[in-house]
Colleague: 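Dropping a structure here in structure tokens format, bear with me for questions.
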Amino acid sequence: MCGRYTSTSTVADLASIFDVDEVRAEPMPARYNVAPTDTVFAVALRSSKGEIADGKKGPRRALGTFRWGLVPSWAKDPSVGSRMINARCEGISSKPAFRAAVARRRCIIPADAFYEWQRREGRDGKKVGKLPHAIRRRDGRPMAFAGLWEFWRDDDDLEAPALRSCAIVTTGANELMAPIHDRMPVVLAADNWAAWLDPGTDPGAVERLMVPAPSEWFEAYAVSTLVNKVGNDGPQLIEPLPPPPPASGGPSS
DNA sequence: CCAGACGTTGTT
DNA sequence: GTCTGG
DNA sequence: CCAGACGTTGTT
DNA sequence: GTCTGG
């Protein structure tokens, strides 16, 4: 799955890379530990209803900010979003929480790396803990996570600004990821960005985009458990973990 | 009909 | 809002 | 995803 | 053990 990632590219770089023509996001500092419920960048098409932008003509893609954790429009309060941080691609179109968004409100969530925790066992099968790994593109470019977004209004406070929230679509692991974890985010090829964002794309075509990206795009390596704590941040979180000390003979030798 | 869920992950 | 379970 | 909490009452 | 918050 994908429960933590990094967002280190600048607004200007993202606007350029994703061919965004309207920026509706204040710059944010580089983040090495983006966690659920955080405010994140995402790219979405402007809609005729003005959900992303006002009614101006011309621009097509907007870079905006969203709360990570999709809050369905019918939710009583936004807390349900904490459990909607990912959307499994399998059966996604029949899930009440995601159905509307996958049909009409797809977005791209940029990320520079994501984290996955590998469960590890001791020699005797006892649990030893979880080892976090960072996964990033070999070419150094930001990744485009396939995302969904929603629009939520508080029925008790119609004056309040609407909340825009998002979820990351997940799929099975590719060969690189398989030893670490059995799920991974859908990472879109640049050639598929337009089709993913376009609400007019045929549902079958959308389905075919929600597949594991090729292993060859990525590199993965173990990192320290500093990332476990959401309050920790900084480039040290994606530094490769030094190899463990040579196996000492244990209690006896 | 109304009430209640609406999600993912990992683990046994 | 819409579907499922009772 | 991991870390950290894990409760009630009454009132608007 | 299970849920909530970040």
Side-chain angles (χ1 to χ4, degrees), chain A residues 1-7 28-29 31-40 49 51 65-105 109 111-122 125-136 143 145-157 162-163 165-173 177-186 210 220 222-234 237-238 241:
Chain A
M1 76 165 319
C2 183
R4 234 54 94 70
Y5 67 95
T6 75
S7 174
M28 287 193 277
R31 293 219 42 206
Y32 295 85
N33 200 357
V34 177
T37 72
D38 285 351
T39 296
V40 301
K49 291 178 180 169
E51 287 160 340
T65 54
F66 296 72
R67 172 172 146 144
W68 183 15
L70 188 140
V71 182
S73 59
W74 39 259
K76 305 267 189 312
D77 79 79
S79 64
V80 297
S82 298
R83 304 194 293 282
M84 313 265 185
I85 65 171
N86 293 140
R88 289 178 68 95
C89 67
E90 299 91 341
I92 194 172
S93 295
S94 58
K95 301 288 177 69
F98 301 134
R99 192 184 148 116
V102 76
R104 305 179 34 82
R105 282 179 296 277
I109 300 170
D112 296 278
F114 62 95
Y115 299 101
E116 297 285 3
W117 279 257
Q118 178 182 42
R119 289 195 114 77
R120 314 188 88 210
E121 294 184 346
K126 283 183 193 152
K127 280 177 222 154
V128 164
K130 295 183 187 181
L131 181 65
H133 288 68
I135 299 92
R136 63 187 180 192
M143 300 179 244
F145 289 162
L148 311 176
W149 72 276
E150 264 297 354
F151 208 46
W152 180 83
R153 297 204 90 99
D154 183 353
D155 287 338
D156 297 328
D157 186 4
L163 175 70
S165 60
C166 64
I168 296 168
V169 179
T170 66
T171 187
M177 292 302 306
I180 301 169
H181 199 69
D182 63 349
R183 305 290 301 174
M184 67 181 290
V186 172
M210 296 187 288
V223 297
S224 88
T225 53
L226 280 173
V227 69
N228 288 13
K229 197 184 276 282
V230 296
N232 290 339
D233 200 353
L237 271 60
I238 55 164
L241 186 70

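We name chains A, B, ... by the order of the sequence lines, and we start the count at 1 in each one.
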Colleague: Describe the nucleic acid contact of A/Leu70 in one word from base, sugar-phosphate, nothing, applying a heavy-atom distance below 4.0 Å.
Modeller: nothing

Colleague: Considering only residues two or more places apart or on different chains, which pairs with a residue in residues 81-103 of chain A satisfy side-chain hydrogen bond (donor to acceptor under 3.5 Å, both in side chains)?
Modeller: A/Glu90-A/Arg183

Colleague: Looking only at the side chain of A/Asn228 (C-beta and beyond, no hydrogens), which of the listed nucleotides C/dG1, E/dG6, D/dA3 gets closest?
Modeller: D/dA3

Colleague: Considering only the C1' atoms, how many Å lie between D/dT9 and E/dG1, rounded to the nearest integer?
Modeller: 27 Å

Colleague: Applying a 3.5 Å limit to both distances, which nucleotide forms a Watson-Crick or G-U wobble pair with C/dC3?
Modeller: B/dG4

Colleague: Mind telling me whether A/Trp117 and A/Tyr115 have parallel, tilted or perpendicular rings, with 30° and 60° as the class edges?
Modeller: tilted

Colleague: For a quick check, with a 4.0 angstrom heavy-atom cut-off, what is the B/S/- contact string for nucleotides 4-12 of chain D, read 5' to 3'?
Modeller: S--------

Colleague: Under 4.0 Å between any heavy atoms, over every strand shown, what does A/Ser73 touch: base, sugar-phosphate, or nothing? Just pick one.
Modeller: nothing

Colleague: Which atom names give the shortest non-hydrogen contact between A/Met84 and A/Ala167, and what distance separates them?
Modeller: O-CB, 3.3 Å

Colleague: Which part of the nucleic acid, if any, lies within reach of A/Thr225 when heavy atoms closer than 4.0 Å are counted: base, sugar-phosphate only, or nothing?
Modeller: nothing

Colleague: Can you check whether A/Arg83 has a side-chain N or O nearer than 4.0 Å to OP1 or OP2 of E/dT4?
Modeller: yes

Colleague: Under 4.0 Å, counting only non-hydrogen atoms across every strand here, what does A/Ala100 touch: a base, just sugar-phosphate, or nothing?
Modeller: nothing

Colleague: Under 4.0 angstrom, heavy atoms only, what part of the nucleic acid is A/Pro36 near: base, sugar-phosphate, or nothing?
Modeller: base

Colleague: Base, sugar-phosphate alone, or nothing: which one does A/Phe98 contact when heavy atoms must sit under 4.0 Å apart?
Modeller: sugar-phosphate

Colleague: Classify the nucleic acid contact of A/Arg88 as base, sugar-phosphate or nothing, counting any heavy atom under 4.0 Å across all strands shown.
Modeller: sugar-phosphate

Colleague: Restricting to side chain to side chain donor-acceptor pair (under 3.5 Å), what partner residues turn up for A/Ser165, sequence neighbours left out?
Modeller: none

Colleague: My understanding is that only one of A/Val186, A/Val169, A/Thr170, A/Ile168 makes a side-chain contact (heavy atoms from CB on, under 4.5 Å) with A/Phe145; could you say which?
Modeller: A/Ile168

Colleague: About how many Å separate OH of A/Tyr5 and CG of A/Asn33, when rounded to the nearest 0.5 Å?
Modeller: 11.5 Å

